[in-house]
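Residue numbers start from 1 in every chain, and the chains themselves are labelled A, B, ... in the order their sequence lines are given, proteins ahead of strands. These numbers come from the heavy atoms of this one structure, side chains and all, not from hydrogens, waters or symmetry mates. Predicted, not measured: the structure shown is a model, and the values here were computed from it.
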There are 2 protein chains.
Amino acid sequence: MLTISQVSEKTGLTPYTIRYYEKIGVLHEPKRSNGGARVYKESEVSYIQCLNKLKKLGLSLEEITEFTREGCVMDKIQQGENPSNYNPTLKKRIEILEKHLMELESRRQEIEYMISLAEEKLTLYQELTKEDIVNT
Amino acid sequence: MLTISQVSEKTGLTPYTIRYYEKIGVLHEPKRSNGGARVYKESEVSYIQCLNKLKKLGLSLEEITEFTREGCVMDKIQQGENPSNYNPTLKKRIEILEKHLMELESRRQEIEYMISLAEEKLTLYQELTKEDIVNT
DNA sequence: TTACAAGTTAGAGTCAACTGGAAGTCAAGA
DNA sequence: TCTTGACTTCCAGTTGACTCTAACTTGTAA
């Protein structure tokens with residue numbers, strides 16, 4: 001069980017930010033100690049680390065919330081609950097997941113393109129200035 | 001030659017945003033018509049489209065400015081100017097380019113990771129609910 | 001029991017990145 | 001000439017994502 005500052009240290013988010021994420025619903029409310037302090041499970045840490053990655057990819061907190069919320073049903077299924085309980089919404093959830101997958105794929109393609117541009121530039125620089133660089 | 005609203009239409013940025021980018025230095029000042037209206041070349045459009053891609057990848061406008069500015073020397077070299085004119089700064093520029101390349105690579109790896117997570121989820125959903133979906 | 005570190009809430013402040021309004025200019029067609 | 005529409009500048013307002021302050025509480029060690 002971890003305090004907010006331990007989670008802060010492990011994830012790189014400040015306690016301010018962690019409380020803010022809770023407030024806007026990106027993180028759900030954790031258990032509390034008798035004194036009222038937030039107490040986190042290890043799983044919260046990996047959740048936040050995953051969240052950080054999505055943030056780095058340029059997703060907004062709203063998109064991240066949508067993306068990670070899809071895990072809720074998954075968690076329940078993995079915990080042994082009957083998937084047919086969720087049947088009415090499952091199809092929609094799969095559609096959302098597929099949308100995200102396509103979105104990620106297209107971002108990956110854009111990254112590949114940017115990498116190829118940057119590599120091209122780099123090679124040209126290096127070839128054009130090989131001697132200059134050796135001399136500096 | 002294009003007006004600001006034509007550029008807006010082609011790039012998906014509003015005229016407000018285009019002027020804002022000019023103001024903060026992300027875009028350089030375009031030529032003006034006799035009446036003082038901004039006039040853009042086609043190349044500006046592809047520049048902005050490239051800029052949009054970098055923005056989608058989560059780079060800040062400051063990072064984008066830094067990234068794209070590296071093209072300036074390249075452009076001059078390609079236009080036939082002697083690269084040794086730029087010699088003192090070339091090494092540093094290559095270092096910056098390499099830094100960006102590594103940054104892009106690491107973002108790509110994170111995306112691959114997120115894609116694999118999403119794919120995993122999707123497969124599980126579909127397997128667990130194959131019949132339910134057929135019946136809806 | 002007191003001092004202090006680390007937590008709490010509510011709410012204000014900050015910063016990047018737009019977004020919009022006001023008031024004015026300019027060119028082309030009726 | 002007048003109107004219309006698209007532009008101009010200047011500047012204030014908004015949104016998303018934090019970040020901090022103030023005032024207070026709790027737990028622990030001296």
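Put simply, CE on B/Met1 is 19 Å from C1' on D/dA6, counting in whole angstrom units. Rounded to whole Å, atom P of D/dA12 lies 18 Å from atom CZ of B/Arg19. The CD-C1' distance, from A/Glu22 to D/dT19, rounds to 17 Å in whole Å. Computed from coordinates, the A/Leu13 CG to D/dA17 P distance equals 13 Å when rounded to whole Å. The distance from atom OH of A/Tyr20 to atom P of C/dA10 is 16 Å, rounded to the nearest whole Å. Note: CG (B/Leu51) to C1' (C/dA17) measures 13 Å, nearest angstrom. If you measure from atom OH of A/Tyr16 to atom P of C/dT9, you get 13 Å, rounded to the nearest angstrom. Atom P of nucleotide C/dC15 and atom CG of B/Leu61 are separated by 17 Å, given to the nearest angstrom.
The residue among B/Gln6 and A/Thr14 whose nearest nucleotide of DNA chain D lies closer to the 5′ end is B/Gln6. Map B/Asn34 and B/Ser60 each onto its nearest nucleotide of DNA chain C; the residue landing nearer the 5' end is B/Ser60. Nearest-nucleotide positions on DNA chain C place B/Glu62 closer to the 5' end than the other of B/Gly36 and B/Glu62.
One finds no side-chain N or O of A/Thr3 lying less than 4.0 angstrom from the OP1 or OP2 phosphate oxygen of C/dA6. Taking only side-chain nitrogens and oxygens, B/Thr17 never comes nearer than 4.0 Å to OP1 or OP2 of C/dA17. Under 4.0 angstrom from either OP1 or OP2 of C/dC26 there lies no side-chain N or O belonging to B/Arg32.
The two atoms that bring A/Leu51 and A/Leu27 nearest to each other are CD1-CD2, 3.9 Å, heavy atoms only. Nearest approach of B/Ser8 to B/Thr14, heavy atoms of both residues: OG-CA, 3.9 Å.
When the shell of 6.0 Å around CD of B/Gln49 is examined, it contains more than 12 heavy atoms from other residues, nucleotides or ligands.
Using a 4.0 Å heavy-atom distance criterion, A/Ile4 is classed as a sugar-phosphate-only contact. No contact: B/Ser33 has no heavy atom under 4.0 Å from any strand. Residue-level contact check: A/Lys23 touches neither bases nor backbone, having no heavy atom under 4.0 Å from any strand. Nucleic acid contact class of A/Arg38 (heavy atoms, under 4.0 Å, all strands): sugar-phosphate only.
Ionic pairing of B/Arg38 and B/Glu29 is not present here: no N-O contact between side-chain nitrogen and carboxylate oxygen is shorter than 4.0 angstrom.
In this structure, the nucleotide among D/dC18, C/dC18, D/dA6 sitting nearest to the side chain of B/Tyr21 is C/dC18.
Distance alone, capped at 3.5 Å, is enough to place a donor-acceptor pair between the A/Gln6 side chain and the A/Thr3 backbone.
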